[in-house]
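Taking it in order: structure first as structure tokens, then the write-up.
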Amino acid sequence: MPEIRILSEKLINKIAAGEVVQRPASVVKELIENSLDASASKIFVDIENGGRDLIRVMDNGSGMDEDDLMLSFEQHATSKIREHEDLEGIRSLGFRGEALPSIASVSMVEAASCCNSDNIGSQIIINGGDIRGIEPFPMKQGTHITVKKLFFNVPARRKFLKSASTEYRHMIDVIRRFSLCRPDVEFQFISNGKSVFNLKPSELKNRISQVFAVHYHEKLIGVEAQDGSAKLTGFVGNLDLIRNRSGEQYLFVNNRLVNDRMMNSAVYQAFSPMIEKGEFPFFVLNLDLPASEIDVNVHPQKTEIKYHQDWFVYQFIRRTVAGVLEKNLTVVPTFNHNQRFPGNTLFSSEPGIQQQEIKISPLSGSAGYAPSDPVSSIPEPEPLPHGHPLKERIDLFSSNISRDRQITNTDNIISIWQAHNKYIFAQIASGIIVIDQHAAHERILFEKALTTFQNESARASQQLLFPVSLTVSPDDYSYFADLLHEFEQLGFSLREFGRNTLLIEAVPADLRHIGEGRIVLEILDFFKTRQTVKNRKQYNMAASYACKAAIKSGDLLQPREMQQLIDELFQTQTPYACPHGRPTIIHLTLDELDKRFHRT
Ligand code: ADP
Ligand code: MG
């Protein structure tokens, strides 16, 4: 019979760490929460290697004396609640007394704190949960906590940490969230010795442009409303700030960062007449509710809460935001993507200098593309699951769309016309083909892109007469830094150009002129939403480029352009599906038509 035993405190902490400490960014989150709970007005964060090797959080808060400093690393030691009743009205960010002992059990910690003005505090050193010593330490009032070698004693967890740049981006996200939640607090963030954020106390509106980009400032619409004891304040972005992936949606409840699908969807609902599926509006909102109206003790990371009246809160948010949008966006724009990115605001070119018009017709850039060369090892689109409606649709026509000579020989085409600026109809000897112009162009560009990844000589790029600068958020910037090489392989030339700014000096030769900055950003967004599988960076970059650079449904094409599209499509390896697996061509044979009209 195995004996029942009580676990050691060290083991209990390690187990708790599994819930509280997921990654370096969660350490920073807990430490910043503690600093804010200690009423700090300045918080400095310093990390090395995405926080894998070092995380240091320093504050000028109330600090702790030596006894409290020792105690703070004990499991369930907290100064924030005392009795059961306190749980009902929590206003502090922490209350579980788990963070510090959990963090200390899986890393090497040096914690120093001072709670008075005589500039002498104490420092405690803890390795993997073992206290190594405590001694006096000269410092001003506040607390400094240094966390080294996270998960050094849990190899399985350390191994699963992501690359330094991925962890760094999670860190930016956490710090940005706090900085938006508390614009009255000074935040500094240094990564590998370089300053990322240096944020003085400010109004929320300024803070938003500091942590995203300057051009956000004029695109924000203020929100302020009250209903009973519920209050909603903050900003929503106008339609220029809509992006193709989520990530710039911030909803705080009583100044607490929460992940809240339901309340986020209240905001999306308000935007719904103006956005399409897959588009995400920008917002930073704080919801104030009496502490007794919510339960914050439902998740170890304290990122989820329960509302006593969730329906009321949902409606309050939806109604408020919808009202604000109605008042401020009276002219509901048509959804022309080009209008969203006015070139003069987002992409600052030098004043007075006209941006160069690149006159490239949609399909003229076959330079360097040798279709007769077999494109080696092109990965196929993921096979559709059996019974998938799309699969059936493809199968329905597959007998007709075998790669027979008849179709590939596009000289046979007798006439071509475009319907609804979206589909191309062409009569061929054996019947009619219908082509989805966007999907077809996507397939062409996708294969070209894959070729250029494998074969440098196939790359063709076009130098811009006036390079375009693009300022992005620090995390997008770090994504670009990771993808510079792939962008270059596609034919772009991007250069780092000061803080969070890129200079676009060249674009692929066959890129239509649709705003260099916009396309680069769209490719990035698209890449991010697809970036699930490792080692498929090139594949995903090619697909992202193809999707964003391809002619859109809605673009009017000239007969010559349609002919070229068809020619190039049939020179691809897999003409019948776009990179996402959607069909590009439907072939209606004469036989089929005859059958349908009972001619046979
Ligand atoms: P909790 O925040 O849930 O109380 P923690 O383990 O995060 O638990 O912290 C334990 C205690 O240590 C806190 O309740 C607080 O009294 C003290 N403490 C932690 N960090 C700081 C800090 N930066 N400044 C002052 N006191 C702190
Ligand atoms: Mg805490």
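Predicted, not measured: the structure shown is a model, and the values here were computed from it. One-based numbering along the sequence shown. Both counts, for ligands and for their atoms, begin at 1 and track the order of listing.
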Per-atom contacts of ligand 1 with Ala99, taking only distances under 4.0 Å to non-hydrogen atoms: 6 (O), 7 (O)

Close approach, Glu30 and ligand 1, non-hydrogen under 4.0 angstrom: no

For Phe95, the ligand 1 atoms whose distance to one of its heavy atoms is below 4.0 Å: 1 (P), 3 (O)

Numbered atoms of ligand 1 (with element) below 4.0 Å of Arg96, judged on heavy atoms: 3 (O)

Nearest protein heavy atom with distance in Å, relative to atom 25 (C) of ligand 1: Ala38 CB, 3.5 Å

Minimum-distance protein heavy atom relative to atom 12 (O) of ligand 1: Ser72 CB, 3.2 Å

Lys148 atom NZ, over 12 foreign heavy atoms within 6.0 Å: no

Qualifying residue for salt bridge (Lys or Arg N to Asp or Glu O under 4.0 Å) with Glu167, from Arg158, Arg23, Lys162: Arg23

Note: Asp53-Lys149 ion pair, threshold 4.0 Å (strictly below): yes

Atom 2 (O) of ligand 1: nearest protein contact (heavy atom, Å): Lys80 NZ, 2.7 Å

Contact partition for Ala77 relative to ligand 1, non-hydrogen atoms under 4.0 Å: backbone

Per-atom contacts, ligand 1 versus Gly94 - under 4.0 Å to a heavy atom: 2 (O), 3 (O)

Note: Asp173-Arg169 ion pair, threshold 4.0 Å (strictly below): no

From Gly61, Ser102, Pro101, Ser79 - option closest to atom 16 (O) of ligand 1 by heavy atom: Ser79

Six-ring centre of Phe44, Arg56 cation under 6.0 angstrom, axis tolerance 45°: no

Validation row, ring centre Phe282 to ring centre Phe212 under 6.0 Å: yes

Lys306 atom NZ, neighbour heavy-atom count above 12 within 6.0 Å: no

2.8 Å cut-off met by an N, O or S atom of Asn34 to the Mg ion (ligand 2): yes

Residue part near ligand 1, for Leu100, under 4.0 Å between non-hydrogen atoms: both

Under-4.0 Å salt bridge between Lys29 and Glu33: yes

Which residue and heavy atom of the protein sit nearest atom 3 (O) of ligand 1, plus the separation: Gly97 N, 2.7 Å

Per-residue contact class, Asp68 against ligand 1 - non-hydrogen pairs under 4.0 Å: neither

Minimum non-hydrogen distance to atom 4 (O) of ligand 1, winning option of Ile145, Ile32, Thr78: Thr78

Protein heavy-atom partner closest to atom 23 (N) of ligand 1 - residue, atom, separation in Å: Asp59 OD2, 2.9 Å

The one among Glu33, Glu98, His144, Met64 that brings a heavy atom closest to atom 26 (N) of ligand 1: Met64

Side-chain ion pair, Asp130 and Lys10, N-O less than 4.0 Å: yes

Charged N-O contact under 4.0 Å between Lys548 and Asp525: no

Within-4.5 Å side-chain heavy-atom neighbours: Phe526 and Asn244: no

Full working for side-chain hydrogen bond (donor to acceptor under 3.5 Å, both in side chains) between His217 and Asn206: CA-CA 7 Å; His217 202 266; Asn206 293 329; 3.1 Å; yes

For atom 7 (O) of ligand 1, closest protein heavy-atom neighbour: Asn34 ND2, 2.8 Å

Heavy-atom nearest neighbour in the protein, as seen from atom 22 (C) of ligand 1, with distance rounded to 0.1 Å: Thr143 OG1, 3.6 Å

